[in-house]
**Student:** 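One structure follows; several queries about it will come next.
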Amino acid sequence: MLDLFAEEEPWSEPLADGAVILRRRALSDADALLEQVAKIAAQNPFHHRITPGGHRMSVAMTNCGDLGWTTDSRGYQYSEQDNAGGTRWPPMPTLFRQLAVSCAAEAGFANFNPDACLLNRYEPGAKLTLHQDKDERDLRQPIVSVSLGLPAVFQFGGFERSDATTRVLLEHGDVVVWGGPSRLRYHGILPLKPGIHPQAGAFRFNLTFRRAH
Ligand code: SIN
Ligand code: FE2
């Protein structure tokens, strides 16, 4: 019998060579993931970092795992501690690691071994301008990005900032994996539209898993 309330099975949408969207792949784990996000944030709160250029980022960030991505007046770097508080990042929850490793494998990247997970929190108007993820040492390992909460438009471009971009809507439970020939593609998030998400309220959360060191 047709069950109108059954969850959709995940499906995949190729983005580029080495890049794929695994639609709804994290949906069945979403509540548990959000619970862990709240626990991590209770230990190391989200905050708006200041870029080396002196700008306050509209996205609020925290991290879990052995290393966390931070920025301050000295530049962008991975560090073992939150330089705002001087404490180690909370460990990466097993559920986070398992999800990231299996999504990477499904996208063709076996043996992904993330040591860092950046948690981004977007409020209405928050955006991430086009950038490359290039502070990691081993660029053979992919990036795995999990979207939760309010939908956002993801831009996926080329290898120059000025290259044309593809725009895709990322929704609650969507996972994007990019690596190999796409590892250094520019990407970004357009300003978040206001809304209320039943599980995440007025926010979008994004978890990005990386092998930093
Ligand atoms: C990122 O580029 O690190 C995050 C992208 C996103 O929020 O989807
Ligand atoms: Fe990024």
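Ligands are counted one by one from 1 in listed order, and the atoms in each one are counted from 1 as well. Predicted model, so just to flag it, every value in this text is computed and none were measured.
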**Student:** Should the heavy atoms of other residues, nucleotides or ligands under 6.0 Å from NE2 of H48 be counted, would the total exceed 12?
**Tutor:**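 Counting other residues, nucleotides and ligands, NE2 of H48 exceeds 12 neighbours.
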
**Student:** Using 4.0 Å as the upper bound for N to carboxylate O, is an ion pair formed by E9 and R24?
**Tutor:**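 Looking at R24 and E9, the cut-off is not met.
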
**Student:** State the atom name: nearest N, O or S atom of H131 to the Fe ion (ligand 2).
**Tutor:** NE2

**Student:** Members other than V101 in its cluster, when Ile, Leu, Val, Met, Phe, Trp, Tyr link by side-chain heavy atoms under 4.5 Å?
**Tutor:**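 Direct or chained contacts put V101 with none.
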
**Student:** Donor-acceptor pair, W89 side chain versus N44 backbone, under 3.5 Å?
**Tutor:** no

**Student:** Test: salt bridge (Lys or Arg N to Asp or Glu O under 4.0 Å). Region: residues 190-213. Which pairs qualify, not counting sequence neighbours?
**Tutor:**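 Checked against salt bridge (Lys or Arg N to Asp or Glu O under 4.0 Å) - neighbours excluded - the pairs reaching residues 190-213 are D115-R211, D133-R210, E136-R210.
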
**Student:** If hydrophobic clusters are built from ILVMFWY residues whose side chains come within less than 4.5 Å, do L95 and L207 share one?
**Tutor:**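 Per the 4.5 Å side-chain linkage, L95 and L207 are co-clustered.
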
**Student:** Would you mind writing out a table of all protein N or O atoms found under 3.5 Å from any N or O atom of ligand 1, naming both atoms and giving the distance to 0.1 Å?
**Tutor:**
| from | atom 1 | to | atom 2 | distance (Å) |
| --- | --- | --- | --- | --- |
| ligand 1 | 2 (O) | H131 | NE2 | 3.1 |
| ligand 1 | 2 (O) | H187 | NE2 | 3.0 |
| ligand 1 | 3 (O) | R210 | NH2 | 3.2 |
| ligand 1 | 7 (O) | Y122 | OH | 2.5 |
| ligand 1 | 7 (O) | R204 | NH1 | 2.8 |
| ligand 1 | 7 (O) | N206 | OD1 | 3.4 |
| ligand 1 | 8 (O) | R204 | NH1 | 3.4 |
| ligand 1 | 8 (O) | R204 | NH2 | 2.9 |
| ligand 1 | 8 (O) | N206 | ND2 | 3.2 |

**Student:** As a test of reading the structure, name the N/O/S atom of D133 that is nearest the Fe ion (ligand 2).
**Tutor:** OD1

**Student:** Among all residues two or more places apart in sequence or in another chain, which pass the ring pair (Phe, Tyr, Trp, His ring centres under 6.0 Å) test with Y122?
**Tutor:** none

